[in-house]
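Have a look at the structure below before the remarks.
Indexing begins at 1, ligand by ligand and atom by atom, following the structure's order.
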Amino acid sequence: MQLTRLHDDIARTRLFTGVSFDAIERLMEHCSVIEVPEGVVLIEPGKSNDNLYVLLEGQVDVHLTTPDQPYNLRLGQGECVGEMSLIEACEPSAYVIVSAASRMLVLSRDTMWSLINASHALARNMLITLSSRVRQGNDAVRYSIHRQSEFESLAFVDGLTGLHNRRWLDQAFRRQVERGQRDGKPLAVLMVDIDHFKRFNDTHGHLAGDRALRAVAMTLNDNIRPGDLLARFGGEEFAVLLPDTGQEPALAIAERLRRAVSNAVSRHMAGLPAISISIGESQLRADDTLESLLDRADDALYSAKTAGRNCVRWA
Ligand SMILES: Nc1nc2c(ncn2[C@@H]2O[C@H](COP(=O)(O)OP(=O)(O)OP(=O)(O)O)[C@@H](O)[C@H]2O)c(=O)[nH]1
């Protein structure tokens, strides 16, 4: 290879920075320079890689999962790819795809090791490159853990009201039920249901119904205590768990919620008729499961509905 013609380009790359060309000139004769068009898959898992590619010009993208996912790392002029699979002599763990037409210096495995043996500066540059790959890998892992926890918390939130959803309720309420039974402390559950909500939707439209749901959710949230748990149970139904709360205070809280919804929701819903809720209350028993506790609150809710709605009943 005509090293002299490419000397400046090569000297500017990360791998050859500070390398004396006198020491490696003979070895460089075994290298080649290739032009690679955009879109070419240079390296991929499942196919062994026997070359180190040094980017003299252009750009490549590294995809850690699949090529149709956004790239995890973009490398430009002066960077190199393929060093990890080449050094370890094992299959590549990522896809490297040429994302802009590129010109690359290609070094075979033997040539690379010979260059490392011949030049301390090149060996040091290779170490720095590998270290930055490890750091980039760690950054990718950290980002993915962060995204995962974001997705997990989204999986527990109801998109319409912003309250916790049924899936969250199943875990958080269950933990409280177990704790209540272990500590022998009282615990109450309220099942809350909007009255005649089908009629409301049919008369005023689904979007107004959504607004009403959000207004009810916000009002309930504003009127519970910091330690109480609230979730959208599904449809137009909500559940509240009141830890350390006997029947009398639980009914007082339920009554407060009922009144707050009657008053506050109509203020939020200018031009639309008032909304009311019915509430069923149940107290934790020694042999309860979360399901049996919720079932009794649901039965009490049914009593509230048959008693004319807009009221509180208990199991
Ligand atoms: N706008 C809107 N409506 C919903 C949503 N989820 C459930 N609904 C509606 O809530 C209504 C519930 O109706 P029903 O179960 O018959 O109860 P209801 O009309 O409130 O009657 P009672 O509970 O007996 O007072 C249905 O029309 C559902 O379509 C939602 O996310 N948005």
Item to check | Residues in contact with ligand 1, criterion: heavy atom under 4.0 Å | outcome: L160, D193, I194, D195, H196, F197, K198, N201, H206, G209, D210, L213, R232, G235, E236, K305, R309

Tell me which donor-acceptor pairs under 3.5 Å the side chains of residues 200-212 have, and how far apart each pair is, sequence neighbours excluded?
unit_1 : atom_1 : unit_2 : atom_2 : d
D202   : OD2    : K198   : NZ     : 2.9
T203   : OG1    : R199   : O      : 2.6

Checklist entry - Any ion pair linking E44 and K47 (charged N to carboxylate O, less than 4.0 Å)? => result yes

Checklist outcome for this item: Result for side chain to side chain contact (heavy atoms under 4.5 Å, CB included) between P92 and one of N49, L86, V81, L42 points to N49

Item to check | Check: D195/S278 side-chain N/O donor and acceptor closer than 3.5 Å | outcome: yes

Next on the checklist: Suppose clustering is done on Ile, Leu, Val, Met, Phe, Trp and Tyr with side-chain heavy atoms closer than 4.5 Å. Which residues sit in the same group as Y302?
Outcome noted: none

Checklist entry - What side-chain hydrogen bond (donor to acceptor under 3.5 Å, both in side chains) pairs are there with at least one residue in residues 146-172, not counting sequence neighbours? => result H146-E150, R147-E150, Q148-E152, D158-T161, D158-R232

